[in-house]
Amino acid sequence: MASGTALIYDDEMTSHKLLWDDPACNIEVPERLLTTYEQLKLYHLVDRCVRVPVREGTEEEIMLVHSSEYLEVVQSTQAMTEEELQRVSENYDAVYFHPSTYHCAKLAVGATLQLVDSVMSGKVCNGIALVRPPGHHSQRNAANGFCVFNNVAIAAQYAKKRYGLQRILIVDWDVHHGQGIQYIFEEDPSVLYFSWHRYEHQQFWPLLRESDYDAVGQGKGKGFNINVPWNKVGMGNSDYLAAFFHVLLPVAFEFVPELILVSSGYDSGIGDPEGHMDATPECFAHLTHFLMQLADGRLCAVLEGGYHLKSLSESVCMTVKALLRDPLPQISGEMAPCLSAVESIQNVRAAHIPYWKCLMYEEETPIEDVSTKSQQMMEAQLVQTSAHSTVEQAAGTTNTDEAIKTDKFLESHMKRILFPMPPVKTAAAVISKADAHLLPVSVQVENEMNEQELKALVSRFDAELVGEEKVIVSLQKMVAVLDKILMKAVCNGIVESSVASVSTTVALKHCFDSGLQRVLCIIVGDMDLEIDLDDGKLLLMNICQKQQTEETNSKYRISLNWKEGAERNTSFYAVLGIILPVAYSYQPDLIIIVIGPNRSLGENGISLLISLLKGLAESRILVVVQDTEIKLLQTVATALTGVSTPDFGVYAPASQESVLEIKQLRRQLKKEWKMLQCSVRD
Ligand code: X5A
Ligand code: ZN
């Protein structure tokens, strides 16, 4: 697999600028690129990326999407006077032309295609193109919303044609609806377009009825257009994650894209004067990380909007850090989507039931009473317009006050979340030395913990074990790996243990002795732990085959009956529908994954679980494996190191039985673990 991250940027794209006074367009400024690039340099991220030069897109490439008539209009602006430019600009909604616009717009297209070529040729694994003017609003015959040529749409057509791709996923996380992309691919099932956008029941620009959740595509393209309309401002990290968990990711894993294009607008981030949303920069790292698990990691991010300079540049940096596979910072804020977000998510899921197997057992119905565009509704909106009431803009504050407030907030926020990165990613302690060399890990750990100390620890719950030399040695190795994780000498680790249940108990006690506040322990297989859970310091999830009897689920002890399908991977539904939402709701400091006997997840499922959870706990994961199959150890180590994109196997929908079980569990737990919410019913 390819490695490396491409960065495509050229100063030339800063020459396109607004020459006259126009309040509708004055936020789309050259400084957007300059500031972002400076911030990337400051974080030393530029040095770590592969520089790829820009080029101009050709007329032929532009005409993959646009008409020759429209191309001629844009060409003609090169030689125009300011007055003439102003007149052409008025033919479109929220657009300005400059004599260099045509050149820059061609560079924006060419930069995007250079990125696609770098990824598709295997020169890099993923990358980002920082371009101006943006693209997602522009249409076959029209410029629109600062956009001249539709960079991402052209890239999708180009990739289909040049590389014969049959499935491309476009994720548009810009705060505006990329209606241009929707129109271009509406009838095309080979391009799945996902967009969330500020909508406010059609009161927000571009004010289109077809931006709502019920625009699912047309003809053969039905089901391949997914709109998540946000009906309030103030949507934040938890709302965005919920849309990923309950809408985008299940569908995307089922779609099995060969390439992902991100219409990467950051006006959906905090402080943006257009979006008025609340997502903090690290949210984009998490979103990126999720998408990197698809399409064998082939991901091209292309800049769209983003108008608060600091919010934009920090968010771009977070995206690049994720692309480079740095450990992610913990996502901030209370992990609970707001009611309005859950309504939108429920509505999109309902609209897409006919088209996706992952939704087929849902009985979601759109909630018309809330979504109606009635007058009554709009008046009620005036009372409380913000999704999470804390982000309400104080009366009397101006836009500049607001922007400065965000500057100050981000200044300290970024200091809080940027942590020194462990020098090494993965440590391992395996029983046989021969096995060790087959693992792609960077540190092999030997016994380090003082035997007396360890024996004291063990004797706290099992005095007899202290006498068993083999057990003690195995525990010593485990504690050595765990200590490296706790001291941040490594990110994560893998431990082989013939007594996984004892190892896990000791590991947990050691974690609490070290002062950890929240440990998430996921047991795959049949195993009982000798540990009392009371104060919320431990969240235990057990994925096992045997039906749970007397034991009922509680907030901190969750059992999930799961039978993995034989060859194909059916675990997507369980991982996305339960495990990930609960884990994100809990926000652990450390994750322990135990793979015990009778495991109910196959290697593919285990890979998926580890890869997705890696976004949490700053990637601090300890995997304890009872099984000594080298193949399983390799799978785990590959998922932990992330040296290559793990293979999750062929997608298969979960059985109706499993789905019903999960729905039941979700209903039961969603009051405690709010990221489980995807419906406002019961
Ligand atoms: C690319 C982008 C926004 C246009 C807003 C016009 N365009 N009111 O973010
Ligand atoms: Zn935008």
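In each ligand, atom 1 is the first atom listed, and ligand 1 is the first ligand listed. Residue indices begin at 1 and follow the sequence shown.
Against a heavy-atom cut-off of under 4.0 Å, H137 is close to the following atoms of ligand 1: 1 (C), 2 (C), 3 (C), 7 (N). Atoms of ligand 1 lying under 4.0 Å from at least one heavy atom of A94, given by number and element, are 6 (C). Annotation for ligand 1: atoms under 4.0 Å from non-hydrogen atoms of P134 are 1 (C). Counting the atoms of ligand 1 from 1 in the order shown, those under 4.0 Å from a heavy atom of G305 are 1 (C), 9 (O). Within ligand 1, counting atoms from 1 as listed, the ones closer than 4.0 Å to a heavy atom of D174 are 9 (O).
For the pair D267 and ligand 1, the shortest N or O to N or O distance falls below 3.5 Å. The shortest N or O to N or O distance between H176 and ligand 1 is under 3.5 Å.
Inspection of the E282 and S332 side chains reveals an N or O donor paired with an N or O acceptor under 3.5 Å. Under 3.5 Å, the side chains of E28 and Y96 contain a donor-acceptor pair of N or O atoms.
Taking the six-membered ring where tryptophan is involved, the planes of W196 and F244 are tilted, since the angle between them lies from 30° to 60°.
Of the protein's heavy atoms, G145 O, 3.0 Å lies nearest to atom 7 (N) of ligand 1.
Partner H176 forms a ring pair (Phe, Tyr, Trp, His ring centres under 6.0 Å) with one of Y266, F204, W230 and no other, that one being F204.
Taking 2.8 Å as the criterion, H176 counts as a coordinating residue of the Zn ion (ligand 2), since one of its N, O or S atoms falls below it. Residue side and main chain included, D267 places an N/O/S atom under 2.8 Å of the Zn ion (ligand 2).
Compare W205, Y266, Y307 by their heavy atoms: the one nearest to atom 8 (N) of ligand 1 is in W205.
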